[in-house]
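Notes follow once the structure below has been shown.
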Amino acid sequence: MQIEVAVQFSDLIGWSVRYLMTLRVTDVLDILIMTFVGYKLLTFVQATRIANLVKGVVIFIVILGFVTLLNLNGISFILSTIMDIGILALIILFQPELRRILEEVGSRKLNVLGIFAHNETTPTMEQTVSQTVQACRDMSKSRTGALIVFEREMRLDDMARSGTILDASVTQELLKNIFFVKAPMHDGAAIIRGGRLLSAGCMLPLSRNVNISRDLGMRHRAGIGMSENSDAVVVIVSEETGSISVAIGGMLKRHLVPETLENILRNELLPQDEIEKDKRKLNIPEWIRVRKDGVSEDE
C-alpha cells in the first residue's frame, strides 16, 4: 500500500513538472493579470455595501447548482429566470458603485498597485489625529457637540455626498468652526478620509439597537449606527455633558480623557507593528459592547 502511494505521488510530481514546462511567458502573465483583477474586485467588494449582497448571490448560485444536480426542473427554471432578471436589477441598483469604479480607473490619481498610498498618508494622519484630539479637548470643555467619522477600508461616499464636500486639511480651528453651535453644518457629521476632511454636515444612519442606554442622544445613536454599518472610527463629543466617546464596530467607550482618545485613534488609524499594538492595548480599557447593556462598565 505504501509503495502504491509513493508511486502515485511520484507520478503526480512528474505530471506537475511536465505541465509547468509547457507554460509560456504569456500563460504566466495571463494568470498574474487574472489574479490581480480578482484581488482588486474582492477588495472593492469588501470596501462597499455590496459585500453582503455578493455573499447572497454566491449562496443563490450554490442552491441553483444543487437543484440542477437533483434534476428539479421546475425549481431550476424559476431560479434561472430570477437570476437572468436579477443581473439586470443588480446593475441598476449598484450603478453608483459601478460608476465610481470607472471614475477611479480614469483618474490620474489612481494608484494601481496601491504600494505607496499608505506611506504617503501616514504623516498626514498623525497630524490629523493630533489636531482632532486638541479640537475635542476644547469642544469638551465648552460642551460643543461634535461627530467626527474616520473612514478606513469601507468607502463612505454616500454619506459624504449627503453633506458639503470640503477636501481640506484637518485643523482644530476648522473642526471647532464646523461644530460651532450657530454654524450651518454643526448638526451633521464630519468625515475624514486619508487624513483630510472630506465632507461636513453629513447625515449618518441611526443605530437600531434597542438596548442602547436612553441617556444617549441622536448624536451618539448616529455614531454607533455608523460604526455598525462600516469599519469607521467615530468620535463623539456630547453637547449636554461634554463627554468624549468613541464608537467602533458597534461598541462604545464613553467618558474618555484626551490622552486615551489619542491612544485609541493612533492604535486604530496608524500603522504599527504587533509589539507596539500590544503595548497600546494594555493601556486602553477594554471595549464594552453596546448591544449588551448600552453603556460601559466604568459609568
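This structure is a prediction, so every number in the text was calculated from the model and none was measured.
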When you compare the side chains of E126 and S130, does any donor N or O come within less than 3.5 Å of an acceptor on the partner? no
Quick one: does any side-chain atom of S199 pair with a main-chain N or O of I191 as donor and acceptor, under 3.5 Å? no
Side-chain donor/acceptor of S140 to backbone N/O of I244, under 3.5 Å: no
Side-chain touch Q127/V170, heavy atoms, less than 4.5 angstrom: no
Going by heavy atoms in the side chains, are T128 and F150 under 4.5 Å from each other? yes
Side-chain contact test, heavy atoms from C-beta onward, threshold under 4.5 Å: evaluate it for D187 versus M218 and give yes or no. no
Please round to the nearest 0.5 Å and tell me the distance separating atom NE2 of H186 and atom CG of N177. 13.5 Å
State, yes or no, whether a side-chain contact exists between L198 and L156 at a heavy-atom distance under 4.5 Å. no
Cluster overlap I82 with I59, hydrophobic side-chain contacts below 4.5 Å: yes
Quick one: do V37 and I33 satisfy side chain to side chain contact (heavy atoms under 4.5 Å, CB included)? Show the steps, please. CA-CA 6 Å; V37 172; I33 291 175; 4.3 Å; yes
What I want to find out is whether E268 reaches R152 closely enough, with some N-O distance under 4.0 Å, to be called a salt bridge. yes
Might you point out which heavy atoms bring P258 and V133 nearest each other, and give the distance in Å? O-CG1, 3.6 Å
Separation of C202 SG from M185 CE (nearest 0.5 Å): 9.0 Å
Please find the pair of heavy atoms, one from L204 and one from A189, that lie closest to each other, and give the distance. CD1-CB, 3.6 Å
Single-linkage hydrophobic cluster, 4.5 Å side-chain cutoff, L72 and I63 together: yes
Tell me whether D30 contacts the main-chain N or O of T26 through its side chain, where contact means a donor paired with an acceptor under 3.5 Å. no
Determine, stepwise, if the pair N209 / I224 fulfils side chain to side chain contact (heavy atoms under 4.5 Å, CB included). CA-CA 9 Å; N209 187 352; I224 297 172; 5.7 Å; no
Do L256 and L270 belong together in a cluster built from hydrophobic side chains that touch within less than 4.5 Å? yes
Flag, side chain of R254 to backbone of S245, donor-acceptor distance under 3.5 Å: no
Interatomic distance, L261 atom CG to C136 atom SG [nearest 0.5 angstrom]: 5.5 Å
What's the spacing between E151 CD and I192 CD1 if we round to 0.5 Å? 10.5 Å
Does S213 reach the main-chain N or O of L216 with its side chain, forming a donor-acceptor pair under 3.5 Å? no
Heavy-atom check, side chain of E259 versus side chain of R137, under 4.5 Å: yes
How about D138 and K176: do any of their side-chain heavy atoms sit closer than 4.5 Å? yes
Atom of F179, atom of A190 and distance for their closest heavy-atom approach: CZ-CB, 3.8 Å
Tell me whether R221 contacts the main-chain N or O of L206 through its side chain, where contact means a donor paired with an acceptor under 3.5 Å. no
Under the 3.5 angstrom rule, does the side chain of N229 hit a backbone N or O of G225 as a donor-acceptor pair? yes
If we only count heavy atoms from C-beta on, is the S238 to R219 side-chain gap below 4.5 Å? no
Kindly work out whether a path of hydrophobic side-chain contacts (I/L/V/M/F/W/Y, heavy atoms less than 4.5 Å apart) joins I61 to I75. yes
Would you name the heavy atoms of G250 and E228 that are closest together and state the gap between them? CA-CG, 3.6 Å
Distance-minimising heavy-atom pair for R266 and V129: CG-CG1, 4.0 Å
Closest contact, heavy atoms only, I236 versus G223: CD1-CA, 4.0 Å
Enclosure of F60 CZ (heavy-atom neighbours >12, cutoff 6.0 Å): yes
Could you tell me the separation between the CG atom of L175 and the CG atom of L197, rounded to the nearest 0.5 Å? 6.5 Å
Are L64 and I85 connected in the hydrophobic side-chain network, where two residues link if heavy atoms are under 4.5 Å apart? no
Counting distance only, does the side-chain N/O of Q131 pair as donor-acceptor with the main-chain N or O of Q172 below 3.5 Å? yes
Rounded distance (nearest 0.5 Å) linking atom CD1 of I178 with atom OG1 of T164: 9.5 Å
